[in-house]
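Report on the following structure.
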Amino acid sequence: MQTALTTRIVDPTAIEEAAERLRAGGLVAFPTETVYGLGADAANPRAVAGIYEAKGRPSFNPLIAHVADLAAARRIARFDSRALTLAEAFWPGPLTLVLPKETNCPVSDLATAGLDTVAIRVPDHPVAHALLAAFGGAVVAPSANISGHVSPTTAAHVKADLDGRIDMILDGGPVEVGVESTIVGCFEHPMLLRPGGLPREAIEQVLGMALTRPPEEPESDASQPLAPGMLASHYAPRTRVRLMVEDVKPGETLLAFGPAALPGIAHARAVMNLSESSDLGEAAANLFGYLRALDAIAVDSGAIGIAVMPVPGHGLGEAINDRLRRAAV
Ligand code: TXA
Ligand code: MG
């Protein structure tokens with residue numbers, strides 16, 4: 001395949017061309033408010049297979065179907081009153097709902113890994129919206145990275161991983177949220193399948209009830225996992241990641257949060273601060289880019305790994321800590 005075409009979104013003809021490539025079974029990376037997605041026509045199993053191929057992704061991982069609005073989502077899945085409440089409160093936005101498939105659900109079985117449920121979201125990003133509206137149907141899109149790498153928050157990250165493996169990259173600049181969507185399973189009791197860009201507290205407030213967690217997080221070999229994005233090694237950088245540090249060991253780089261005056265910091269190979277003012281939103285937006293950058297520095301300079309300061313667990317901190325734990329596996 002030819003080298004991926006990267007195009008600035010200021011050009012509306014790029015949206016039409018991207019929609020055309022999707023219709024032809026191609027792969028198009030596009031920005032959302034959470035992370036960049038690698039999109040394919042959800043109804044075209046060969047195109048969906050191309051996603052797994054390009055990412056080198058284990059084929060049991062089901063994908064999220066992205067649509068332009070709630071009306072399009074209702075052609076794909078059955079919404080009960082709770083699901084409708086959540087969709088109306090938070091779409092467009094960083095919330096994915098796992099719902100029973102509608103009869104004649106157009107999303108291919110390959111994309112849902114044979115489950116009778118489907119994950120859907122309406123992204124809150126002008127480029128994603130324009131693309132989905134121009135395309136018309138559902139676009140399945142995992143994060144646009146090689147499987148196991150950190151998720152891309154800029155078009156350059158996408159290019160670094162997938163150049164030459166996909167048809168096109170729509171460049172919408174850096175994303176706003178920086179961690180993936182929160183995934184809620186709309187089961188008998190709503191379940192938090194993956195913490196993400198929408199804080200759990202906001203969802204629980206709208207529902208008027210607490211979300212449950214899956215009984216046990218699936219480990220590396222679950223064949224029908226509830227949310228296999230929870231695979232332990234999903235977000236691993238190449239170098240060792242040490243969490244909750246209180247000092248910097250010789251040869252480490254530092255991922256800081258808030259005021260950073262740790263013993264040993266003067267000897268750190270590199271320091272990047274997720275948010276000097278301890279703002280969790282800013283930290284989420286910086287998370288994957290900084291992990292990537294520190295990982296690259298560590299690999300190039302022979303550093304022994306990345307030391308990570310503690311990040312509070314409330315609000316967006318729940319998702320940040322979840323991703324950090326996976327990076328540390
Ligand atoms: O923010 C996001 O959600 C990004 C952007 C591109 O939209 N997408 C993303 O996709 O993070 P991905 O493929 O990296 O993660 C999808 C997650 C996986 O954990 C997968 O297992 C879960 O969604 N999932 C998909 N369908 C499911 C289903 N029917 N039941 C349970 N989990 C499902
Ligand atoms: Mg991913």
Side-chain angles (χ1 to χ4, degrees), residues 27-40 42 48 51-52 54-67 76-77 90-101 105 107-125 127-129 131-132 138-153 157-158 161-162 170 172 175-187 190-198 214 217-218 222-236 284 288 319 322-323 326-327:
L27 301 180
V28 174
F30 62 97
T32 79
E33 78 280 35
T34 57
V35 299
Y36 274 72
L38 178 59
V48 176
I51 289 182
Y52 296 118
K55 286 187 55 113
R57 178 176 201 165
S59 60
F60 52 68
N61 260 18
L63 305 174
I64 297 171
H66 298 66
V67 290
I76 294 174
F90 297 115
W91 281 357
L95 173 67
T96 294
L97 298 176
V98 172
L99 300 162
K101 281 179 174 167
C105 171
V107 178
S108 68
D109 282 337
L110 183 58
T112 59
L115 300 171
D116 50 16
T117 54
V118 59
I120 309 185
R121 85 182 195 92
V122 177
D124 185 15
H125 191 289
V127 177
H129 184 81
L131 177 63
L132 294 168
V139 171
V140 284
S143 51
N145 52 274
I146 297 283
S147 189
H149 287 193
V150 295
S151 294
T153 54
H157 294 162
V158 178
D161 266 21
L162 297 176
L170 290 173
V175 302
E176 254 181 48
V177 176
V179 290
E180 297 87 345
S181 60
T182 301
I183 305 182
V184 171
C186 296
F187 311 137
M191 188 179 277
L192 182 63
L193 293 172
R194 177 177 75 183
L198 181 66
E217 294 210 351
S223 56
Q224 283 288 6
L226 281 170
M230 304 174 111
L231 287 179
S233 67
H234 195 66
Y235 295 95
F288 287 131
D322 175 78
R323 304 303 186 273
R326 287 170 211 297

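Each ligand, and each atom within it, is numbered from 1 in the order the structure gives.
Of all the atoms in ligand 1, the ones that sit under 4.0 Å from a non-hydrogen atom of Ile183 are 17 (C), 22 (C), 23 (O). Close contacts of ligand 1 with Ala119, meaning ligand atoms under 4.0 Å from a residue heavy atom, involve 25 (C), 26 (N), 27 (C). Close contacts of ligand 1 with His66, meaning ligand atoms under 4.0 Å from a residue heavy atom, involve 5 (C), 6 (C), 7 (O). Using a 4.0 Å cut-off to heavy atoms of Thr117, the atoms of ligand 1 that qualify are 28 (C), 29 (N), 30 (N). Atoms of ligand 1 found under 4.0 Å from any heavy atom of Leu115, numbered from 1 in the order shown, are 28 (C), 29 (N), 30 (N).
Checking Asn145 against the Mg ion (ligand 2), every N/O/S atom stays at or beyond the 2.8 Å cut-off.
Taking distance alone, with nitrogen or oxygen atoms compared against 3.5 Å, Glu180 stays at or beyond that limit from ligand 1. The shortest N or O to N or O distance between Thr96 and ligand 1 is not below 3.5 Å.
Under the 4.5 Å side-chain criterion, counting only non-hydrogen atoms from C-beta, Pro123 is not in contact with Thr34. When side chains are defined from C-beta on, Leu132 does not count as touching Val67, because their heavy atoms never get closer than 4.5 Å. In this structure, the side chains of Val158 and Phe30 stay at 4.5 Å or more apart for every pair of heavy atoms. Within the 4.5 Å cutoff, the side chain of Pro142 has heavy atoms near those of the Lys55 side chain. Looking at Phe90 and Thr182, their side chains never come closer than 4.5 Å, going by heavy atoms from C-beta outward.
In this structure, CD1 on Ile64 lies 10.0 Å from CG on Leu97, to the nearest 0.5 angstrom.
Of all the listed residues (Pro62, Gly39, Gly37, Pro214), Pro62 holds the heavy atom that lies closest to atom 25 (C) of ligand 1. Considering only non-hydrogen atoms, atom 1 (O) of ligand 1 lies nearest to Thr34 out of Thr34, Thr32, Val118.
At a 4.0 Å heavy-atom cut-off, ligand 1 touches Ala141 through the backbone alone.
Between Phe288 and Thr153, the shortest heavy-atom contact is CB-CG2, 4.0 Å.
Taking a 4.0 Å cut-off on heavy atoms, Pro123 fails to register as neighbouring ligand 1. In this structure, Thr112 falls outside the shell of residues with a heavy atom less than 4.0 angstrom from ligand 1.
For Lys101 and Thr117, the side-chain atoms include no donor-acceptor pair closer than 3.5 Å.
In summary, Arg121 and Glu33 engage in a salt bridge, as defined by a charged side-chain N under 4.0 Å from a carboxylate O.
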